[in-house]
Undergrad: 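Take a look at the following structure, please.
These figures come from a predicted structure and were not determined experimentally. One is the number of the first residue; the rest follow in order along the sequence.
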Amino acid sequence: MAKTMKKHDRFDWTLTFLLLLFFLTSCVAIYSAQKTGQYGQNFLYKQIFWYVVGSGIIGVVMMFDSEQYRKLSWYLYGFGVFLLVFLFFAPSSIAEERNGAKSWFFIEPFGSIQPSEFMKVFLVLALSSTIYAHHNKYIRKTLQTDFLLLVKLGLVTALPLGLIMLQPDLGTSLVVIAIFSGLILVSGISWKIILPLYGGGAGLGAGILYLVIWKPELLKKYLNVKTYQFGRIYAWLDPESYPEFGYHLLKSLSAIGSGMLTGKGLNGSEVYIPESHTDFIFSVIGEEYGFVGGSFVIGLYFLLIYHLTKTALDTNDPFNTYISTGVISMITFHVFQNIGMTIQLLPITGIPLPFISYGGSSLMGNMLAMGLIYGIRFHHKTYMFASKDRSFSI
């Protein structure tokens, strides 16, 4: 027998409180970052506007249940792929190439829209739907059916991944791979397939790093890798020796290091960092609020990921579990990569810090993902006489 709950009780108040804290943190950080920025715009007002729009997105998306998500998943996936393809053929008046990448539509008066930010969430839905449908079709698992599922997931991921890499957008491409990798872990595929796959991936990564350091001419010739992309790796390993590529990293390390334990206080930033309101917002937080402020932000993400993990474990619908896992993979990689690149733990890639960095597309994409989580919580039902394998309702 399913327990009925009032709408007030089904609403995810914990997630709302966490998003409110992220909103306040974002506003304070952007307010400080734009003081030393090079654009002379008020990004704080724009960020507030995008948070309002994102809240509206959550309100709409949470009204849909898992069955409706499944029905819409392939339409949304197709729409996302269409936008990525159209981006290549769109005239420069609405899709201008900037910084060597053609990744945005420029629509007045709304500004720029980045389709890949939404494609990540659409991919989560498509992969989750693929896993769910596969297990419904193949009740009895074998290595052959598991390998077939892996091929299906690979094909679904390959199309948007290839289009994003052609822009080129390395950061978002890595997020797509992280989503794919996370969902493989919960897809039920045998470890006899997963271990060689992940081992091969690790070996490939190590091999590419070796070629970057010792044989870069091969990557230039056969993979058309740009010189500035090599520079990011060299600057990551030794920024002092490659200041032309390691400028952002050196400035970030200087800012965070100078913040020490408690920071310099609001508007106390002294180190100028380009793009400090977007990709390097954590550097601003580290300088103005020190180790304490940085730990607070990391703690917020820990609580968010914990809550998303609890959602994945609490739901009775495997499809919802897959969605939650995809969102966890996306957010976790974003946080790890963004913070890691500001402290020289990882190479610099152009991905923002979720819910804190300025950016309409990024924020709306993340709020869309949160809308899915709200929907899972809102439509969740608790069943009596439920086992781990299936739930019975009377």
Undergrad: Please assess Leu19 against Tyr374 for the test side-chain contact (heavy atoms from CB on, under 4.5 Å), listing each intermediate value before the final yes or no.
TA: CA-CA 12 Å; Leu19 291 180; Tyr374 272 99; 3.8 Å; yes
Undergrad: Could you measure the distance from the CE atom of Met341 to the CD atom of Gln337? Nearest 0.5 Å is fine.
TA: 7.0 Å
Undergrad: Leu84 versus Gln167: any side-chain heavy-atom pair under 4.5 Å?
TA: yes
Undergrad: Assess, by modelled atom type and distance only, whether the side chains of Glu288 and Ser269 contain a donor and an acceptor separated by less than 3.5 Å.
TA: yes
Undergrad: Atom CZ of Phe333 and atom CD1 of Ile351: how far apart are they, to the nearest 0.5 Å?
TA: 5.5 Å
Undergrad: Would one find more than 12 heavy atoms of other residues, nucleotides or ligands at under 6.0 Å from atom CZ of Phe147?
TA: no
Undergrad: Do the non-hydrogen side-chain atoms of Tyr289 and Phe296 ever get within less than 4.5 Å of each other?
TA: no
Undergrad: So, Phe355 versus Tyr51, ring centres under 6.0 angstrom or not?
TA: no
Undergrad: In the hydrophobic cluster built from side-chain contacts under 4.5 Å, what are the other members alongside Ile139?
TA: none
Undergrad: Give me the atom names and distance for the closest heavy-atom approach of Ala178 to Ser329.
TA: O-CB, 3.6 Å
Undergrad: From Leu161 CG over to Thr172 OG1, what is the distance, rounded to the nearest 0.5 angstrom?
TA: 10.5 Å
Undergrad: Could you go through Tyr322 and Ser129, starting from their C-alpha distance and side-chain angles, then the distance that decides it, and tell me whether this counts as side-chain hydrogen bond (donor to acceptor under 3.5 Å, both in side chains)?
TA: CA-CA 8 Å; Tyr322 303 144; Ser129 181; over 6 Å; no
Undergrad: Quick check: are there more than 12 heavy atoms from other residues, nucleotides or ligands sitting under 6.0 Å from NZ of Lys141?
TA: yes
Undergrad: Is any side-chain heavy atom of Ile256 less than 4.5 Å from a side-chain heavy atom of Phe282?
TA: yes
Undergrad: Would you kindly say whether Asp317 and Ser66 are connected by a side-chain donor-acceptor distance under 3.5 Å?
TA: yes
Undergrad: Does any part of the side chain of Trp74, heavy atoms only, come nearer than 4.5 Å to the side chain of Thr130, both counted from C-beta?
TA: yes
Undergrad: More than 12 non-hydrogen atoms from neighbouring residues, nucleotides or ligands closer than 6.0 Å to CE on Met165, yes or no?
TA: no
Undergrad: State yes or no: are the ring centers of Phe86 and Phe105 separated by less than 6.0 Å?
TA: yes
Undergrad: To check you understand the geometry: which heavy-atom pair defines the closest contact between Ile285 and Ile356, and what is its length?
TA: CD1-CG2, 4.2 Å
Undergrad: Between Ser258 and Lys264, is there a side-chain donor-acceptor contact under 3.5 Å, judged purely by atom types and distance?
TA: yes
Undergrad: If the plane angle is over 60° it's perpendicular, under 30° parallel, otherwise tilted; pick one for Phe302 and Tyr306.
TA: parallel
Undergrad: Mind listing the closest non-hydrogen atom pair of Pro274 and Phe280 along with its distance?
TA: O-CD1, 4.1 Å
Undergrad: Applying side-chain contact (heavy atoms from CB on, under 4.5 Å), run through Phe118 and Ile113 and close with a yes or a no.
TA: CA-CA 10 Å; Phe118 302 95; Ile113 301 295; 3.9 Å; yes
Undergrad: Quick one, Met364 with Ile57, criterion side-chain contact (heavy atoms from CB on, under 4.5 Å). Give me CA distance, side-chain angles, the key distance, then yes/no.
TA: CA-CA 8 Å; Met364 285 191 293; Ile57 292 174; 3.9 Å; yes
Undergrad: To the nearest 0.5 angstrom, please state how far the OG atom of Ser173 sits from the CG atom of Asp169.
TA: 5.5 Å
Undergrad: Determine the sole option in Trp50, Phe43, Tyr45, Phe49 for which the ring-ring contact (aromatic ring centres under 6.0 Å, His included) test with Tyr358 is passed.
TA: Phe43
Undergrad: What closest approach, in Å, do Leu149 and Ile131 show between heavy atoms, and which atom pair accounts for it?
TA: CD1-CA, 4.1 Å
Undergrad: Can you tell me how far CG of Asn42 sits from OH of Tyr31, rounded to the nearest 0.5 angstrom?
TA: 9.5 Å
Undergrad: Could you tell me which non-hydrogen atom of Ile30 sits nearest to which non-hydrogen atom of Leu44, and how far apart they are?
TA: CG2-N, 3.8 Å
Undergrad: Does any non-hydrogen side-chain atom of Trp214 lie less than 4.5 Å from one of Leu209?
TA: no
Undergrad: Do the non-hydrogen side-chain atoms of Leu15 and Leu304 ever get within less than 4.5 Å of each other?
TA: yes
Undergrad: Once you round to the nearest 0.5 Å, how far does CE of Met62 lie from CE of Met370?
TA: 13.5 Å
Undergrad: My understanding is that only one of Ser357, Ser26, Cys27 makes a side chain to side chain contact (heavy atoms under 4.5 Å, CB included) with Gln47; could you say which?
TA: Ser26
Undergrad: For a side-chain contact (heavy atoms from CB on, under 4.5 Å) check, start with the C-alpha distance between Phe122 and Val81, then their side-chain angles and the critical distance, and finish with the verdict.
TA: CA-CA 9 Å; Phe122 299 158; Val81 170; over 6 Å; no
Undergrad: When you compare the side chain of His135 with that of Pro318, does any pair of heavy atoms fall below 4.5 Å?
TA: no
Undergrad: Looking at every heavy atom in both Ala369 and Met330, which two are closest together, and how far apart are they?
TA: CB-CE, 3.7 Å
Undergrad: Just wondering, more than 12 heavy atoms not from Phe23 lying within 6.0 Å of its CZ?
TA: yes
Undergrad: Pairing donors with acceptors under 3.5 angstrom, does anything connect the side chains of Ser241 and Tyr234?
TA: no
Undergrad: For His307 and Asp12, does a side-chain donor sit closer than 3.5 Å to a side-chain acceptor?
TA: yes
